[in-house]
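Protein chains get the first letters and strands the later ones, always in sequence-line order, with residue 1 at the start of each.
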Amino acid sequence: MTSVDNTGTQRFVTCGELGAQDAGQRVAVRGWVNATRDHGGLIFIDVRDRYGVTQAVFDPRTSAREAYESAAHLRSEDVIMAAGTVRPRPAGTENANLSTGAIEVAADALTVLNKSKTPPFPLHGDADVDEALRMKYRYIDLRRAPMQRNIELRHRALKAARDYLDAQGFLEIETPMLIKSTPEGARDFLVPSRLHAGEFYALPQSPQLFKQLLMVAGFHRYFQMARCFRDEDSRADRQPEFSQIDIEMTFPTQDDVIAVIEGTLAHMFERALGTHVKTPFVRLRYDEALADYGSDKPDLRFAMKLSDFSPAFAGTEFKIFANELAKGHAIVGLVDASGAGRSRREFDTLVQTAAAEWGAKGLAWIAFASDGVKSSLPKAALTEAALTQVRAIGGAGEGDAVFFAADERAAAQAIAGKLRLHLGSERGLRDPARFEFCWVLDFPLFERDPESGALGPMHHPFTAPAPGQDLLTGDPLALRAQHYDVVLNGSELGSGSIRIHDPNVQRKVFELLGYSDEQVQQRFGFLLEAFAYGAPPHGGMALGIDRIIAIMVGAESIREVIAFPKNQRFQDLMIDAPSAVEPQSLRELRLRVDQPAQPSQPNQSRSQS
RNA sequence: GGCGCUGUAGCUCAGUUGGUUAGAGCGCCUGCCUGUCACGCAGGAGGUCGUCGGUUCGAGCCCGAUCAGCGUCGCCA
């Protein structure tokens with residue numbers, strides 16, 4: 001092993017910075033062995049770091065003998081330092097795929113800083129490696145170029161958001177992680193207190209109450225890159241801990257908050273991606289979003305709006321539709337342009353998908369084919385008047401197909417909305433490189449739990465009702481909120497609202513939600529107390545960082561943009577968490593576990609050592 | 001918690017109707033190779049077919065259970 005000389009005549013450089021202008025310079029590169037090409041004579045070593053790849057060449061005629069022999073034994077992922085002279089590559093051997101492809105380092109010295117075992121999976125190439133294996137060796141997975149890109153882009157985007165918000169007068173303020181558990185909303189992660197045996201902290205589901213108190217405290221404009229924790233059952237693309245850009249401001253109108261969020265997002269996309277985002281974003285009312293797109297987070301990358309076909313079938317004697325309409329339900333559908341050419345089998349598959357995956361009771365269709373009208377519906381439904389109206393309502397012509405879901409209006413819209421997304425994907429209309437933002441406004445203040453029938457907050461119980469409504473008379477479900485969602489490509493990026501600052505209004509809302517005075521006092525007493533000491537009007541928003549970055553980089557999963565994510569069962573396969581603790585720890589906490597300790601066996605089937 | 005898919009070499013995957021010694025590409029090891037760049041060529045090693053049980057003369061393949069991973073729904077103010 002040859003040491004790099006320490007004469008100070010060499011310059012340490014990254015693997016991405018050398019170019020033709022550096023020819024003749026004496027340099028040392030440090031990094032990982034990306035690939036080796038041993039020609040028996042010449043040995044090429046690709047050295048990799050975050051910045052790129054640089055080719056080092058060892059030549060038996062010019063390199064020190066020790067260095068040359070050492071180079072012959074290099075393997076993937078060894079960590080080395082190679083020193084030598086930068087020279088242009090011989091004509092015709094330049095590599096246009098590398099930023100440093102015009103030059104190479106004619107290496108005469110080599111230090112092996114650390115050998116590597118053979119990595120458990122290849123670092124280059126596009127092979128789809130088992131995600132559990134990637135997670136167990138996340139530090140290796142993160143060396144791969146796409147992951148390095150994702151993590152760096154995340155940094156750039158968050159830096160852009162910080163810079164923008166700072167320039168707008170927002171202060172970044174941290175809020176506590178050990179807080180009080182409240183039974184509303186998602187399940188809390190609990191942290192036992194040793195000093196107060198039998199009592200627990202909760203990890204925050206969001207800094208919601210603290211940011212409101214910061215407004216009461218007069219900080220005017222607050223933001224935080226906040227970590228949030230929710231102990232819910234796992235689901236696709238959900239992490240037990242996730243990050244939000246949490247924002248709150250004093251004396252805002254809804255438009256003020258919207259302008260700040262639009263500016264923040266536009267700045268993030270501009271600085272991290274180089275993508276110009278048009279502002280202001282399109283605004284949709286909640287009812288309008290549901291009616292046109294069957295979703296409160298519409299994907300506006302394509303049109304294909306839904307229509308209400310109820311009038312077309314109002315006069316027909318087809319029992320199923322007639323019964324639904326008699327119950328006040330709706331027949332919601334959409335036109336599948338040029339869809340009449342689908343085979344019977346394709347139609348059947350769609351109908352089955354609708355039933356199995358979207359919870360549809362049924363899905364009817366009419367195809368206006370060139371050789372006549374075909375349909376899953378019986379003749380009773382297909383009167384000339386009905387067909388004429390279907391064409392008129394949907395704007396359907398020959399060659400088109402029309403789908404219909406008959407159900408309660410909200411359910412029919414939801415099914416048609418899912419079909420819309422399905423057809424959009426099928427037709428390649430959901431281009432991940434396009435970014436279509438919108439706002440959804442005028443949400444209801446409350447929603448009814450379909451099972452318990454109880455009234456619950458649509459957003460959270462601190463959301464202010466729209467002005468000019470009487471809270472105490474009339475249907476609470478008809479009340480509108482000053483609540484707004486920002487949506488990108490069919491994903492909700494964030495939710496916000498103008499908050500209630502009047503303790504009397506807050507009490508009325510709690511009352512409508514059915515909270516008893518004792519419950520309110522116990523859970524939110526400190527908030528009402530604070531509001532009694534001069535609470536300014538305030539409002540804000542929280543943006544889901546992981547989702548935003550995932551959409552920016554076109555990743556399918558937020559796990560691709562989180563350095564150390566947990567798996568679908570919320571385990572960390574690398575450090576093996578969660579895991580049992582020492583009995584002594586439990587004794588100190590005065591806890592007894594009501595379940596025999598499971599011997600920890602993470603990743604059993606794949607475990608190597 | 002429900003449902004679905006998957007589990008074969010270090011990695012990605014084949015494996016026919018249940019039938020002799022379970023294969024390929026990449027990786028790994030050895031040798032050759034002086035302009036390659038995921039170098040090339042030759043040879044070699046490497047397997048509890050996730051686990052347990054059952055059916056069978058015989059199971060990678062069929063049946064049951066179980067574990068694990070992923071997807072999806074409930075749930076997530």
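Note on Thr36(A): only backbone sugar-phosphate atoms sit closer than 4.0 angstrom, heavy atoms only; bases stay farther off. Among the atoms of the strands shown, only primed sugar atoms or phosphate atoms (P, OP1, OP2) are found under 4.0 Å from some heavy atom of Arg559(A).
For Phe524(A) and Phe462(A), the ring centers sit closer than 6.0 Å to each other. Ring-centre distance between Phe443(A) and Tyr484(A): not below the 6.0 Å cut-off. Between Tyr286(A) and His483(A), the distance from one ring center to the other does not fall under 6.0 angstrom.
Distance Ile45(A) CD1 to rA38(B) C1': 14 Å, rounded to the nearest Å. Note: CD (Glu232(A)) to C1' (rG1(B)) measures 12 Å, nearest angstrom. Atom CG in Asp128(A) sits about 16 Å away from atom C1' in rG25(B), given to the nearest Å. rA68(B) atom P lies 17 Å from atom CD of Glu131(A), rounded to whole Å. Atom CG of Leu133(A) is separated from atom C1' of rU6(B) by 16 Å (rounded to the nearest Å). Rounded to whole Å, atom P of rC70(B) lies 14 Å from atom NZ of Lys566(A). Going from atom CD of Gln244(A) over to atom C1' of rC76(B) covers 13 Å, rounded to whole Å. Protein atom CG of Asn34(A) is 9 Å distant from nucleotide atom C1' of rA38(B), rounded to whole Å.
Nearest to the side chain of Gln568(A), among rC11(B), rC70(B), rA38(B), sits rC70(B). The side chain of Pro120(A) has rG10(B) as its nearest neighbour among rC37(B), rG10(B), rG69(B).
Base-pair partner of rG1(B): rC73(B) (Watson-Crick or G-U wobble, both distances under 3.5 Å). Across all strands shown, rG18(B) forms no Watson-Crick or G-U wobble pair with both distances under 3.5 Å. As the counterpart of rG7(B), rC67(B) is assigned, both hydrogen-bonding distances of the Watson-Crick or G-U wobble pattern falling under 3.5 Å. rC62(B): Watson-Crick or G-U partner is rG54(B), with both key distances under 3.5 Å.
Distances shown here put every side-chain N or O of Gln205(A) at or beyond 4.0 Å from the OP1 or OP2 atom of rC76(B). The phosphate of rG69(B) has OP1 or OP2 within less than 4.0 Å of a side-chain N or O from Gln571(A).
Scanning atom types as modelled, no donor and acceptor separated by under 3.5 angstrom connect the side chain of Arg230(A) and the base of rC76(B). On a pure distance criterion of 3.5 Å, no polar donor-acceptor pair joins the side chain of Asp130(A) and the base of rG7(B).
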Quick tally for nucleotides 27-36 of chain B: nucleotides whose base has a protein heavy atom under 4.0 Å get B, sugar-phosphate-only ones S, the rest -, giving SSSS--BBBB
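A distance of about 11 Å separates the C1' atoms of rG74(B) and rC3(B), rounded to the whole Å. Taking atom P on both rC57(B) and rG18(B), the two are 16 Å apart, rounded to the nearest angstrom. Here, rU12(B) and rC41(B) have their P atoms 24 Å apart, quoted to the whole Å. Between rA9(B) and rG15(B), the distance separating the two P atoms is 15 Å to the nearest Å. Of the C1' atoms belonging to rG58(B) and rU20(B), the separation is 12 Å, rounded to the nearest Å. Atom name P, nucleotides rG27(B) and rC61(B): the rounded distance is 31 Å, in whole Å. As rounded to the nearest Å, rU56(B) and rG64(B) have C1' atoms that lie 16 Å from one another. Distance noted for atom C1' between rC33(B) and rA42(B): 11 Å (whole Å).
The closest side-chain donor-acceptor pair between Ser557(A) and Glu560(A), if any, does not fall under 3.5 angstrom.
The side chain to side chain contact (heavy atoms under 4.5 Å, CB included) test with Asp46(A) is passed by exactly one of Asn34(A), Val33(A), Thr36(A): Asn34(A). Among Val509(A), Thr463(A), Leu527(A), the single residue meeting the side chain to side chain contact (heavy atoms under 4.5 Å, CB included) criterion with Ile500(A) is Val509(A).
Heavy-atom distances to RNA chain B give each of Arg569(A) and Asp449(A) a nearest nucleotide, and the one nearer the 5′ end belongs to Arg569(A).
Here the side chain of Arg134(A) pairs no donor or acceptor atom with the backbone of Leu142(A) at under 3.5 angstrom. With hydrogens and angles ignored, the 3.5 Å screen pairs a side-chain donor or acceptor of Arg89(A) with a backbone N or O of Gly101(A).
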List the steps, then state whether salt bridge (Lys or Arg N to Asp or Glu O under 4.0 Å) holds for Arg559(A) with Asp237(A).
CA-CA 7 Å; Arg559(A) 292 188 296 265; Asp237(A) 236 13; 5.1 Å; no
